Amino acid sequence: MKKFPYKHLLGLEGLTREEIEFVLDTAVTFKEVLERPIKKVPTLRGLTIVNLFYEASTRTRISFELAQKRLSADTVNFTPSSSSVKKGETLRDTVRNLEAMKIDMVVVRHASSGVPYFLTQCLESSIINAGDGAHEHPTQGLLDLYTIREKYGKVEGLRVVIVGDIKHSRVARSNIWGLKAMGASVAVCGPSTLLPVEMEKMGVEVYTDLNKALWGADVVNVLRLQLERMERGFLPTLREYSRLFGITKERLALLNKNYTIMHPGPINRGVEITPEVADSPESVILAQVTNGVAVRMAVLYLLSGQQEEAVA
Ligand code: CP
């Protein structure tokens with residue numbers, strides 16, 4: 001593949017293995033740039049990118065901003081709480097005004113599923129989904145795939161178990177689409193109230209018994225309870241959730257020998273994962289964050305239309 005065939009990145013659903021591998025291979029080149037003393041290339045010089053975060057974020061927002069700066073793009077961070085959104089301006093009017101200032105790309109996070117797609121309908125710019133509701137978080141899915149491939153040299157044939165609040169998780173959905181496309185075997189596990197019915201249709205194994213789910217797994221991707229997206233009544237108590245679904249040192253004995261612990265963050269220590277496991281040598285949680293910058297550089301570059309230009 002010579003050119004990524006898309007203008008936008010809205011999700012991993014529908015992407016082929018070849019397309020995903022093209023992004024991951026491009027990210028390998030950018031990771032090498034990030035290991036240089038001067039971590040900057042002129043690849044996107046002259047492009048202007050707006051980061052439009054309508055929802056809280058630490059990792060994704062800073063990672064995108066760093067990726068843009070490392071590529072020499074001009075970046076602008078839009079903060080709804082200090083904007084004319086407070087005066088009643090609609091999302092459509094806001095983004096059309098931003099585009100009138102001659103921008104090239106928009107990175108958007110929003111609590112409502114479908115907002116990135118909506119932006120493709122009202123703007124000419126490339127749109128990158130940085131997480132929309134419980135729908136998708138494609139760059140998180142890609143950085144997770146990158147991290148797995150970096151450790152094992154492959155994704156195909158590995159058994160990956162995603163544990164936690166699957167129902168409200170855009171990370172789970174992007175991971176499932178990406179892992180399936182790359183040939184992994186995927187299982188999800190959580191309380192039945194947090195396991196949506198469409199899971200089996202997505203081709204994954206579904207468990208409510210954590211010990212059964214973990215048996216023979218290579219990778220465990222642990223998810224936070226998305227309490228901000230939950231109405232009441234999904235769980236009896238957090239203590240009960242931790243007892244039944246928390247990833248503890250004792251449970252690690254069920255996994256394959258060369259196992260890996262992942263978490264997209266933010267972590268709620270002592271709820272879905274013990275500090276001992278989160279900080280263990282088998283945890284790649286901070287490696288995921290490091291790889292996120294390289295993966296986002298690759299995505300920005302591939303969607304920018306600058307692919308004829310040299311990386312360095
Ligand atoms: N993983 C992730 O999306 O983290 P943030 O919400 O901090 O961006």
Side-chain angles (χ1 to χ4, degrees), residues 9-13 23-24 27 49-70 75 77-81 105-116 127-148 150 160 162-179 188 190 194 219-230 247 260-269 271-273 277-279 283-300:
L9 181 66
L10 304 184
L12 297 191
E13 183 177 3
V23 179
L24 302 187
I49 307 172
V50 174
N51 298 313
L52 196 68
F53 278 69
Y54 277 82
E55 245 195 356
S57 168
T58 298
R59 278 145 292 270
T60 312
R61 190 174 62 78
I62 305 289
S63 179
F64 264 114
E65 193 179 343
L66 274 176
Q68 293 152 8
K69 287 180 162 45
R70 305 295 193 216
T75 69
N77 293 317
F78 173 87
T79 313
S81 59
M105 302 177 97
V106 175
V107 176
V108 61
R109 169 170 288 193
H110 203 285
S112 299
S113 301
V115 162
I127 308 299
I128 300 175
N129 181 2
D132 64 328
H135 173 228
E136 281 227 37
H137 191 348
T139 56
Q140 180 70 46
L142 288 168
L143 75 87
D144 290 343
L145 290 169
Y146 185 101
T147 307
I148 293 170
E150 187 176 56
V160 181
I162 307 172
V163 181
D165 179 2
I166 311 296
K167 183 181 175 73
H168 300 99
S169 176
R170 51 200 177 206
V171 174
R173 281 172 187 75
S174 288
N175 262 267
I176 291 168
W177 293 125
L179 287 163
V188 294
L194 296 176
V219 178
V220 185
N221 198 347
V222 191
L223 303 178
R224 172 179 76 88
L225 290 169
Q226 309 256 313
L227 296 170
E228 71 277 20
R229 281 188 233 294
M230 261 183 223
I247 303 299
T260 301
I261 302 295
M262 305 180 79
H263 194 308
I267 297 174
N268 288 142
R269 289 173 180 262
V271 179
E272 71 272 12
I273 189 168
V277 175
D279 301 328
S283 162
V284 293
I285 295 172
L286 291 178
Q288 290 171 260
V289 179
T290 302
N291 292 335
V293 180
V295 165
R296 290 180 175 115
M297 287 171 82
V299 168
L300 291 162

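Note that ligands are numbered from 1 as they come in the structure, with each ligand's atoms numbered from 1 the same way. Everything numeric here is computed off the predicted structure, so don't read it as measured data.
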Colleague: Does G265 come within less than 4.0 angstrom of ligand 1, counting non-hydrogen atoms of the residue?
Modeller: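 True for this residue.
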Colleague: Would you mind checking which non-hydrogen protein atom is closest to atom 2 (C) of ligand 1, with the distance to 0.1 Å?
Modeller: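 Nearest neighbour among protein heavy atoms for atom 2 (C) of ligand 1, to 0.1 Å: T60 OG1, 3.5 Å.
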Colleague: Could you tell me, atom by atom, which parts of ligand 1 come under 4.0 Å of a heavy atom of T58?
Modeller: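 Ligand 1 atoms under the 4.0 Å threshold to T58: 5 (P), 7 (O), 8 (O).
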Colleague: Considering non-hydrogen atoms only, spot the tightest contact between L223 and S169 and give its length.
Modeller: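 Closest heavy-atom pair between L223 and S169: CD1-OG, 3.4 Å.
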Colleague: Among R109, R59, R61, which one has a heavy atom closest to atom 4 (O) of ligand 1?
Modeller: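 Among R109, R59, R61, the closest heavy atom to atom 4 (O) of ligand 1 belongs to R59.
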Colleague: List every atom of ligand 1 that sits less than 4.0 Å from any heavy atom of H137, numbering the atoms from 1 in the order shown and giving each element.
Modeller: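 The atoms of ligand 1 under 4.0 Å from a heavy atom of H137 are 2 (C), 3 (O).
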Colleague: What's the separation between atom CZ in R296 and atom CZ in R70, rounded to the nearest 0.5 Å?
Modeller: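 It is 14.0 Å, given to the nearest 0.5 Å.
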Colleague: With no hydrogens and no angle check, is any side-chain donor or acceptor of E136 less than 3.5 Å from a backbone partner on L10?
Modeller: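 Flag not set: sc E136 to bb L10 has no pair under 3.5 Å.
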Colleague: Among Q68, E65, R109, whose side-chain hydrogen bond (donor to acceptor under 3.5 Å, both in side chains) with N51 holds?
Modeller: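 Exactly one candidate clears the test, Q68.
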Colleague: Nearest to atom 1 (N) of ligand 1, what protein heavy atom do you find, and at what distance?
Modeller: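 Looking at atom 1 (N) of ligand 1, the protein heavy atom closest to it is P264 O, 2.8 Å.
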Colleague: Is it true that R269 and D279 make a salt bridge, defined as a side-chain N closer than 4.0 Å to a carboxylate O?
Modeller: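 Yes, this pair counts.
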